Amino acid sequence: MISVSYILLCGQFLLLLAVILLQCLEGIDSQNSSTTETPATFTDPGATSLPFSEKPPEILQSDPLGESTNLTDVFEYKPPSPVVLCRYLPEEFIYCQDPVDHAGNHSAFQELGYGCVGWGGQTQKEVNHTEVMCMALDDIECAGEREFLRGNVPCIKYTGHYFITTLLYSFFLGCFGVDRFCLGHTGTAVGKLLTLGGLGIWWFVDLILLITGGLMPSDYSNWCTYY
């Protein structure tokens, strides 16, 4: 018969191997992570601007009400003019915000008219899409409103959950509920810990659910990918 010390030695060896694999994955993640930067304004080096006193008379309009005139009210859209509508600007000349999260509130979605009620999805049919609020960058001349709705952005978010890391947690430490703790399912994770993975049955079921896509993060975010 196999002695208890031999079983404990094998368990310690498996845990050491899992820690080494996780540290390697974290090193790859830190090297491939990139910081998002605020979009910079675009300036055309070949464009020259006239002084305020030399601008055409149709632009120098007086404000009879004494209110400050905004740049968006100066330019009027004329089809023969090179000035285009702001909502038709290319993506490099605009900045778009992230989709609005309504957190399942359908009333707020109907009142605002855009945003994400639900997040996530494994296939294209399951993923919701919405418009986002965009604005023209500074120093970009365009006609019409500088803030507008545009795009068909998918309602997908990433909160730092990696499939490979979670799969290793589930395989080596799933009997202690570590995989469910990492995904945010705290309640079921405690039950899995107290029952030691349901005597192995719960551990095996969660492993199958994780591979088939039945076990996902609790905030409905998608898996991050390695590039």
Side-chain angles (χ1 to χ4, degrees), residues 18-39 91-92 94-135 148-193 197-198 202-227:
V19 171
I20 294 175
L21 290 176
L22 292 178
Q23 289 180 352
C24 293
L25 290 176
E26 290 178 356
I28 296 175
D29 181 25
S30 62
Q31 292 178 0
N32 295 332
S33 61
S34 58
T35 57
T36 56
E37 299 179 356
T38 307
E91 294 184 358
E92 58 265 25
I94 62 175
Y95 169 71
C96 296
Q97 301 176 357
D98 294 332
V100 179
D101 186 7
H102 293 296
N105 192 341
H106 292 274
S107 300
F109 172 76
Q110 294 176 357
E111 180 179 356
L112 187 60
Y114 62 92
C116 294
V117 179
W119 295 85
Q122 298 296 318
T123 62
Q124 184 178 4
K125 295 182 179 179
E126 297 175 355
V127 177
N128 297 326
H129 293 75
T130 182
E131 294 180 329
V132 293
M133 182 63 66
C134 300
M135 61 191 69
F148 48 89
L149 292 174
R150 179 194 259 192
N152 193 23
V153 180
C155 294
I156 293 178
K157 59 182 177 179
Y158 302 96
T159 55
H161 296 286
Y162 291 88
F163 175 76
I164 298 298
T165 306
T166 309
L167 183 62
L168 291 175
Y169 281 144
S170 181
F171 184 79
F172 291 105
L173 303 174
C175 57
F176 302 108
V178 177
D179 49 352
R180 286 187 170 265
F181 276 115
C182 294
L183 295 178
H185 303 285
T186 308
T188 55
V190 173
K192 190 176 181 180
L193 174 62
W202 198 345
W203 168 83
F204 181 75
V205 171
D206 276 354
L207 193 62
I208 299 299
L209 289 177
L210 189 62
I211 296 175
T212 58
L215 183 59
M216 297 292 293
S218 60
D219 56 357
Y220 302 101
S221 61
N222 284 53
W223 300 113
C224 296
T225 55
Y226 291 101
Y227 292 100

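All values derive from a computational prediction rather than experimental measurement.
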Separation between CH2 of Trp203 and CZ of Phe176, rounded to the nearest 0.5 Å: 12.5 Å
Expected output: side-chain Ser170 to main-chain Thr166 donor-acceptor under 3.5 Å: no
Derivation and outcome, side chain to side chain contact (heavy atoms under 4.5 Å, CB included), residues Ser221 and His161: CA-CA 8 Å; Ser221 61; His161 296 286; 3.7 Å; yes
Rounded distance [0.5 Å steps], OH in Tyr220 versus CD1 in Ile156: 15.5 Å
Side-chain touch Asn222/Tyr158, heavy atoms, less than 4.5 angstrom: yes
Close side-chain approach of Cys116 and Phe109, heavy atoms under 4.5 Å: no
CD1-OH distance between Ile164 and Tyr169, expressed to the nearest 0.5 angstrom: 13.0 Å
Stepwise side chain to side chain contact (heavy atoms under 4.5 Å, CB included) check, Tyr162 with Cys224: CA-CA 5 Å; Tyr162 291 88; Cys224 296; 3.4 Å; yes
Minimum heavy-atom distance between Asn128 and Gly118, given as atom pair plus value: ND2-O, 3.6 Å
Other residues, nucleotides, ligands: >12 heavy atoms within 6.0 Å of Phe181 CZ: yes
Summary of side chain to side chain donor-acceptor pair (under 3.5 Å) pairs that have at least one residue in residues 99-110, sequence neighbours excluded: Asp101-Trp119
Atom CD of Glu126: over 12 foreign heavy atoms under 6.0 Å: yes
Leu207 and Leu167: CA distance, side-chain angles, deciding distance, side chain to side chain contact (heavy atoms under 4.5 Å, CB included) verdict: CA-CA 7 Å; Leu207 193 62; Leu167 183 62; 3.8 Å; yes
Sequence neighbours excluded, every pair satisfying salt bridge (charged side-chain N to carboxylate O under 4.0 Å, His left out) that has a member inside residues 110-119: none
Side chains of Met135 and Arg150 in contact at under 4.5 Å (non-hydrogen atoms): no
From CG (Leu173) to CG (Leu193), nearest 0.5 Å: 11.0 Å
Separation of Glu91 CD from Cys96 SG (nearest 0.5 Å): 7.0 Å
Considering all heavy atoms, the nearest Val153-Pro99 contact: CG1-CG, 3.8 Å
Heavy-atom check, side chain of Asp98 versus side chain of Val132, under 4.5 Å: no
Met133 and Phe148, any side-chain heavy atoms less than 4.5 Å apart: no
Sequence-distant partners of Asp206, salt bridge (charged side-chain N to carboxylate O under 4.0 Å, His left out), two or more places apart: Arg180, Lys192
Working for side chain to side chain contact (heavy atoms under 4.5 Å, CB included), residues Leu210 and Phe163: CA-CA 8 Å; Leu210 189 62; Phe163 175 76; 4.1 Å; yes
Least distance between heavy atoms, Thr130 atom then Gly115 atom: OG1-N, 2.7 Å
Minimum side-chain heavy-atom gap Leu183-Ser218 below 4.5 Å: no
Exceeds 12 heavy-atom contacts within 6.0 angstrom, atom CZ of Phe171: no
